[in-house]
Amino acid sequence: MSNNRWSSKFSFIITTSAFAIGLGNVWRFPYVAGEGGGAAFLLVYFVLILLIGIPILTIEIALGRMSKTTILLGFGKLGKKPFWNSIGWLGAISCILIMGFYIMIMAWIGIYLWECLSGEISKLPVASIPGHFDKVASNLSTVIIVIFSIMLAAFFVVRQGLKSGLERYSKGMMFGLVILILGLSIWAATLDGAVEGYRWLLSPDFSKINFQVIMSAMGQLFFSVGVGMAVTFVFGSYTSTKDNLVSSTIWIVLADTFFAFISGLMLFPAIFSFNLSPDSGPNLIFVTMATVFNKLEYGWIIGAVFFLLLFLAGFSSLISAIQGLKDSFKDRYKLSENIALLSVIGSIVVISIAAVFSYSDNPFLIFDKTVFEVLDYVTSTIMLPLGGLLTVLFAGHIVGYKKLKMHLLEGTKTMKLQGFWKIVLIWILPLSLITILLNGLLNT
């Protein structure tokens with residue numbers, strides 16, 4: 001059982017928000033929204049946040065608090081059989097695999113940050129920018145060095161403990177994120193043609209709302225909120241029974257959604273101002289936005305601020321994941337703090353190096369896919385939806401709605417959970433996750 005406890009409810013909300021925000025909001029959300037038609041996607045996403053996002057995050061955090069231990073022991077304790085800990089293992093392994101390629105993307109961002117500061121991005125011919133990303137990704141030695149540097153910084157932060165390390169740094173980074181993203185949004189509003197970006201993002205074309213847009217919004221929701229990755233379960237185990245979990249979760253999801261929305265207000269006006277494509281996919285930040293910075297007179301300054309924002313968002317998620325995994329392995333195997341921490345960091349680094357070699361001249365292929373592509377597919381298409389599905393089925397049928405409801409009502413004297421919550425837990429969440437899982441498998 002972990003002895004960690006949050007110093008305050010505010011610390012819990014801020015730190016969990018910092019984990020949820022990450023690259024899923026500033027990098028992934030804008031390009032997924034771009035592919036989904038902008039405002040049409042946004043409308044669907046906001047509805048799903050209320051209907052599914054808040055309940056599922058509340059449930060995972062509540063299970064952690066009910067168990068009073070970390071994820072590799074918590075499910076077995078609640079279900080009274082060690083077998084149930086396999087759900088926790090699925091979440092922990094998912095988190096390690098995701099952080100393995102997540103840290104590679106962070107390394108790319110770190111390299112682009114340096115190139116903005118050095119002025120290299122501004123010197124590139126516009127036509128060479130798409131190829132420049134391939135050059136950065138295939139410079140394996142540089143990417144690996146940056147990965148080790150980032151992980152070393154993460155080691156020293158997490159080693160300081162929950163309050164002195166994760167809590168303190170998350171609060172600082174959240175403050176920095178707010179300042180940077182608001183500043184960039186104000187800058188984007190001053191650009192010629194920004195109105196077109198706002199119109200595209202905020203004026204919904206209801207004809208574009210189809211099954212695939214709904215599935216895309218639902219997939220982004222689970223990726224962004226961070227359920228099924230062990231971390232929020234562990235963070236729930238740190239919370240006091242005096243805290244109102246539902247209100248805390250609402251604040252966390254609102255913060256997460258706010259950053260996703262502001263990211264759109266920051267990116268799309270700039271994209272439309274330079275007549276670039278808003279649906280350019282994962283390359284949105286490394287090619288499309290790099291092109292924007294290249295064309296600006298003082299683009300290296302704006303670019304440096306932008307990539308610093310991305311880096312801080314990613315680092316806040318990384319240290320949260322390492323904290324949750326470290327405590328989980330420590331509790332499960334009775335390890336010391338340092339051994340548990342080094343085990344987690346070592347596992348992530350091994351996965352990340354395998355992912356980095358996906359960009360070598362002769363990458364190792366598995367069923368014609370690189371290691372990075374396999375990791376991305378297996379985690380986002382199978383492991384996260386399956387982990388979320390097993391978690392809600394466990395909560396609804398093993399723990400039971402009645403027991404879960406009684407626990408959620410602890411810490412509040414005024415809140416009432418309506419019958420809607422039971423319908424969400426027993427029917428809406430499982431069916432949604434089954435649909436996401438099947439849709440991902442059938443569309444592969």
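Each residue takes its place number in the sequence, starting with 1. Because only heavy atoms are used, hydrogens play no part in the values below, and waters and symmetry mates are left out as well, while side chains stay in.
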**Message:** Just by distance, no angles: are the side chains of T435 and S432 close enough, under 3.5 Å, to form a donor-acceptor pair?
**Reply:** no
**Request:** Start with the C-alpha distance between L152 and F156, add both sets of side-chain angles, then the distance that settles side-chain contact (heavy atoms from CB on, under 4.5 Å), and finish with yes or no.
**Result:** CA-CA 7 Å; L152 184 63; F156 283 112; 3.5 Å; yes
**Prompt:** Parallel under 30°, tilted from 30 to 60°, perpendicular over 60°: which one fits the rings of F272 and W200?
**Reply:** tilted
**Message:** Measuring from atom CE of M173 to atom CD1 of I14, what distance do you get when rounded to the nearest 0.5 angstrom?
**Reply:** 12.0 Å
**Fill in**
Sorted by chain and number, sequence neighbours left out, ring-ring contact (aromatic ring centres under 6.0 Å, His included) with F259 holds for none
**Request:** Could you walk me through whether I436 and N439 pass the side-chain contact (heavy atoms from CB on, under 4.5 Å) test, one step at a time?
**Result:** CA-CA 5 Å; I436 291 174; N439 180 68; 5.8 Å; no
**Request:** Would you check if I285 and F306 make a side-chain contact, meaning some heavy-atom pair closer than 4.5 Å?
**Result:** yes
**Item:** Approximate separation, where rounding is to 0.5 Å, of W6 CH2 and T239 OG1
**Value:** 9.0 Å
**Asked** Can you check whether G74's main-chain N or O pairs, donor with acceptor, with S67's side chain at less than 3.5 Å?
**Response** no
**Prompt:** How are the rings of W108 and F372 set to each other: parallel, tilted or perpendicular (split at 30° and 60°)?
**Reply:** perpendicular
**Item:** Closest non-hydrogen atom pair, I209 against A40
**Value:** CG1-CB, 3.8 Å
**Asked** Any side-chain heavy atom of L310 within less than 4.5 Å of one from M106?
**Response** no
**Message:** I'd like to know if the side chain of S317 and the backbone of F19 have a donor-acceptor N/O pair within less than 3.5 Å.
**Reply:** yes
**Donor-acceptor under 3.5 Å (S237 side chain, V234 main chain)** = yes
**Request:** Check whether any side-chain N or O of R332 sits under 3.5 Å from a backbone N or O of S328 as a donor-acceptor pair, and report yes or no.
**Result:** no
**Asked** Taking T16 for the side chain and F12 for the main chain, is one N or O donor matched with an acceptor at less than 3.5 Å?
**Response** yes
**Prompt:** Sub-3.5 Å donor-acceptor pair from the side chain of N210 to the main-chain atoms of Q212, do we have one?
**Reply:** yes
**Message:** Measuring only between side-chain heavy atoms, which start at C-beta, is V371 closer than 4.5 Å to F357?
**Reply:** no
**Asked** What is the distance from atom CD1 of I98 to atom CG of L384, rounded to the nearest 0.5 Å?
**Response** 4.0 Å
**Request:** Check the side chains of D327 and T70 for a donor-acceptor pair under 3.5 angstrom, ignoring hydrogens and angles.
**Result:** no
**Request:** Would you indicate whether Y333, at its atom OH, is surrounded by more than 12 heavy atoms from other residues, nucleotides or ligands within a distance under 6.0 Å?
**Result:** yes
**Prompt:** Could you state the interatomic distance from CG (L245) to CE (M66), rounded to the nearest 0.5 Å?
**Reply:** 10.5 Å
**Check against side-chain contact (heavy atoms from CB on, under 4.5 Å), F235 and I252** = CA-CA 12 Å; F235 283 5; I252 293 165; over 6 Å; no
**Message:** Using side-chain heavy atoms (C-beta onward) and a distance below 4.5 Å, is I150 in contact with F311?
**Reply:** yes
**Asked** What heavy-atom pair brings S216 and V32 nearest, and what distance separates the two atoms?
**Response** OG-CG1, 3.1 Å
**Prompt:** Is the number of heavy atoms from other residues, nucleotides or ligands within 6.0 Å of NZ (K9) greater than 12?
**Reply:** yes
**Message:** Whether the K68 and T241 side chains hold a donor-acceptor pair (N or O, under 3.5 Å, no angle test) is what I'd like checked.
**Reply:** no
**Any S316 side-chain heavy atom under 4.5 Å of I21 side chain** = no
**Request:** Return the orientation label for the F293 and W187 ring planes: parallel under 30°, perpendicular over 60°, tilted otherwise.
**Result:** tilted
Identify every side-chain donor-acceptor pair in residues 399-409 under 3.5 Å, counting partners at least two apart or on other chains, and give the distances.
residue : atom : partner : partner atom : Å
H407    : NE2  : R65     : NE           : 2.9

All N/O donor-acceptor pairs, side-chain side in residues 48-62, below 3.5 Å, sequence neighbours left out:
residue : atom : partner : partner atom : Å
T58     : OG1  : I54     : O            : 2.7
T58     : OG1  : T249    : OG1          : 3.4
E60     : OE1  : G228    : N            : 3.0
E60     : OE2  : T232    : OG1          : 2.8

**Prompt:** Do you know which two heavy atoms are closest between L389 and P430, and how far apart they sit?
**Reply:** CD1-O, 3.7 Å
**Message:** Could you tell me if T15 and E167 have a donor-acceptor pair between their side chains, going purely by distance under 3.5 Å?
**Reply:** no
**Asked** Regarding K77 and T69, is there a side-chain donor-to-acceptor distance under 3.5 Å anywhere?
**Response** no
**Message:** Using 30° and 60° as the class boundaries, would you call the ring planes of F133 and Y112 parallel, tilted or perpendicular?
**Reply:** tilted
**Prompt:** Is any side-chain heavy atom of F329 less than 4.5 Å from a side-chain heavy atom of I339?
**Reply:** no
**Message:** Please confirm whether the ring centroid of F394 lies under 6.0 Å from the ring centroid of F75.
**Reply:** yes
**Request:** Using modelled atom types only, decide if a donor and an acceptor are shared between the side chain of S358 and the backbone of A355 within a distance under 3.5 Å.
**Result:** yes
**Complete:** CZ (F155) and CE (M151) are apart, to the nearest 0.5 Å, by 11.0 Å
**Request:** Apply side-chain contact (heavy atoms from CB on, under 4.5 Å) to A255 and list each qualifying residue two or more places apart in sequence or on a separate chain.
**Result:** S17
**Request:** Begin from the C-alpha positions of F307 and W114 and carry the test ring pair (Phe, Tyr, Trp, His ring centres under 6.0 Å) through to its verdict.
**Result:** CA-CA 9 Å; F307 285 109; W114 169 251; over 10 Å; no
**Prompt:** Closest heavy-atom contact between L191 and S273?
**Reply:** CB-OG, 3.3 Å
**Request:** Calculate, to the nearest 0.5 Å, the distance between atoms CG and CE belonging to L390 and M383 respectively.
**Result:** 11.0 Å
**Request:** Give the intermediate values and the outcome of side-chain contact (heavy atoms from CB on, under 4.5 Å) for residues L166 and V157.
**Result:** CA-CA 7 Å; L166 182 62; V157 170; 5.6 Å; no
**Message:** So which atom in S203 and which in A39 form the shortest heavy-atom distance, rounded to 0.1 Å?
**Reply:** C-CB, 3.3 Å
**Message:** When you compare the side chain of I105 with that of F286, does any pair of heavy atoms fall below 4.5 Å?
**Reply:** yes
Could you give the side-chain donor-acceptor pairs of residues 78-89 under 3.5 Å, partners two or more places apart or in another chain?
residue : atom : partner : partner atom : Å
N85     : OD1  : G76     : N            : 2.7
N85     : ND2  : L72     : O            : 3.4
S86     : OG   : F83     : O            : 2.9

**Request:** Could you tell me whether E337 and R159 make a salt bridge, using a distance below 4.0 angstrom between a side-chain N and a carboxylate O?
**Result:** no
**Request:** Please confirm whether the backbone N or O of Q220 pairs with a side-chain atom of S224, one donor and one acceptor, at under 3.5 Å?
**Result:** no
**Message:** If the condition is ring-ring contact (aromatic ring centres under 6.0 Å, His included), which residues does Y169 pass it with, not counting sequence neighbours?
**Reply:** none
**Request:** State, yes or no, whether a side-chain contact exists between F101 and T379 at a heavy-atom distance under 4.5 Å.
**Result:** yes
**Item:** Shortest non-hydrogen contact between L437 and P385, atoms and distance
**Value:** CD1-CB, 4.1 Å
**Asked** Just by distance, do the side chain of K326 and the backbone of A321 share a donor-acceptor pair under 3.5 Å?
**Response** no
